[in-house]
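Just so you know, ligand 1 is whichever comes first in the structure, and atom 1 is the first atom listed for that ligand. Residue numbers start at 1 and run along the sequence shown. Only this structure's heavy atoms are used, side chains among them; waters, hydrogens and symmetry mates stay out.
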Amino acid sequence: MPLLAFETSCDETSAAVVHNGRVLSNPVSSQIRLHIEYGGVVPELAAREHLRNLLPIAREALRLAGITVEAIEAVAATRGPGLPGALMAGLKAAQATAYALRRPFFGIHHHEAHLYSSWIRGNPPVADFGRFQPNVSLIVSGGHTMLVHVQGLMRHVVLGSTVDDAAGECFDKAGKLMGLPYPAGPRIDELAANGDPGAFDFPRPMLKESSDDFSFSGLKTSIRYRLRDNPALVSSEQGLRDLCASIQRAIVDVLVGKTLKAARRLNVRCVTASGGVTCNRELRARLGEACAREGMELRVAEPSLCTDNAAMIGVLAEQKWHAASVPGMLDADIRPSWPLAGC
Ligand code: KG4
Ligand code: ZN
């Protein structure tokens, strides 16, 4: 019973066909080039671009899956959180498709979908829930940083989230201060590989606190002051590499430290991670080392599923559909600020 899913919460337009946990197609069209000159995502441009991309990407998803639209048995889309205009474009396109086909529609919470993206594995990718176990899940991207205790499939408790900037936003804003193009995370990752992470001592905000919340705005301010006092740092190639390595080390220390602390406290044997920042090589490596030391299983989403994609929306929608835990929602509206706790 194939399901067609859409994701348009921010600056990626994606459609996917999922069938019994198997991802038959998952094309993603990124808008990064469109927003690069503005140094961040421009909501109105994102919404207009989604409208342009939705039909071609849905056709591409069906073509890659080798099925016609009439074979689709259910439709899903991201309902929130996200940019209102961007969400509206995908949700309404999906609901119109479901209405025309007379199929059920499921509105999915974007962060809840991230929680299960690390269980999608292989080629072709398949949702591997047979080996599911309770876990602490780190979701870390340009828009969100949160820790969640996933107690069972579709049973979760939010432990903490960022009180100000997300970790990806911190990478991007630090990059902007250093004159790197948006989004700076991947470039900082590259430059850090040949830098000295001990060259500059940046703060590790909230690392020692008992709360599971995060804060990255103080780190950003500290980088700003460091560059104000010594602007020549970024004009030497090695200075830039050392800065990147030191900034990355501070962010990764906080992410790894707080994730492992929560996992130990809750006595879980598994940690999962997803979201764009989990493409970061140091974060992946350090999470791997820390989990190995604790004898915990680590599941990090595959890079193509770390960033926003419709496959994760489709896989979760299928679970909800089969569990009948969510009725069809043909008239559901977008929820741009939907708390994960209430979904
Ligand atoms: O999940 P995503 O594609 O979009 C949302 O924000 O929802 O994440 C994008 C974020 C950006 O902040 C980008 O700089 C960051 O993920 N990012 C990275 C890396 N690749 C992407 N940050 C650090 N290292 C990377 N390799
Ligand atoms: Zn996301």
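In this structure, the salt bridge (charged side-chain N to carboxylate O under 4.0 Å, His left out) partners of E297, at least two apart in sequence or on a different chain, are R131, R299.
At a threshold of 2.8 Å, the Zn ion (ligand 2) has a backbone or side-chain N, O or S atom of H110 nearer than that distance. Residue H114: an N/O/S atom is found under 2.8 Å from the Zn ion (ligand 2).
Of all protein heavy atoms, the one closest to atom 4 (O) of ligand 1 is D308 OD2, 3.8 Å. Nearest protein heavy-atom neighbour of atom 24 (N) of ligand 1: N280 ND2, 3.0 Å. Nearest protein heavy-atom neighbour of atom 3 (O) of ligand 1: T307 CG2, 3.3 Å. The closest protein non-hydrogen atom to atom 18 (C) of ligand 1 is G185 CA, 3.7 Å. Atom 11 (C) of ligand 1 has as its closest protein heavy atom D172 OD2, 3.5 Å. Among all non-hydrogen protein atoms, the one lying nearest atom 21 (C) of ligand 1 is G276 O, 3.4 Å. Nearest protein neighbour of atom 15 (C) of ligand 1, counting heavy atoms only, is V277 CG2, 3.9 Å. The protein non-hydrogen atom at the shortest distance from atom 26 (N) of ligand 1 is D189 OD2, 2.9 Å.
Aromatic ring pairs are classed by plane angle as parallel below 30°, tilted from 30° to 60° and perpendicular above 60°; the pair F129 and Y116 is perpendicular.
Between T272 and S137, the side chains place a donor N or O and an acceptor N or O closer than 3.5 Å (distance only, hydrogens not considered). Donor-acceptor pairing under 3.5 Å is recorded for the side chains of Q248 and E282.
Evaluated by nearest non-hydrogen atom to atom 9 (C) of ligand 1, the leading choice among G142, A166, S9, G168 is G142.
F202 carries R226 over the face of its six-membered ring, with the cationic atom under 6.0 Å from the centre and within 45° of the normal.
For ligand 1, the atoms sitting less than 4.0 Å from at least one non-hydrogen atom of G143 are 6 (O), numbered in the order shown with element in parentheses.
Residue contact annotation: P186 has a non-hydrogen atom under 4.0 Å from ligand 1.
Here salt bridge (Lys or Arg N to Asp or Glu O under 4.0 Å) pairs that include residues 26-37, with residues two or more places apart or in two chains, number zero.
No single ILVMFWY cluster, assembled from side-chain heavy atoms under 4.5 Å apart, contains both L55 and V75. Taken together through direct or relayed side-chain contacts under 4.5 Å among Ile, Leu, Val, Met, Phe, Trp and Tyr, L340 and M312 form part of one hydrophobic cluster.
Of all non-hydrogen atoms in L283 and V277, the two that sit nearest each other are CD2-O, 3.8 Å.
The atom of D308 nearest to the Zn ion (ligand 2) is OD1, with the search restricted to N, O or S atoms.
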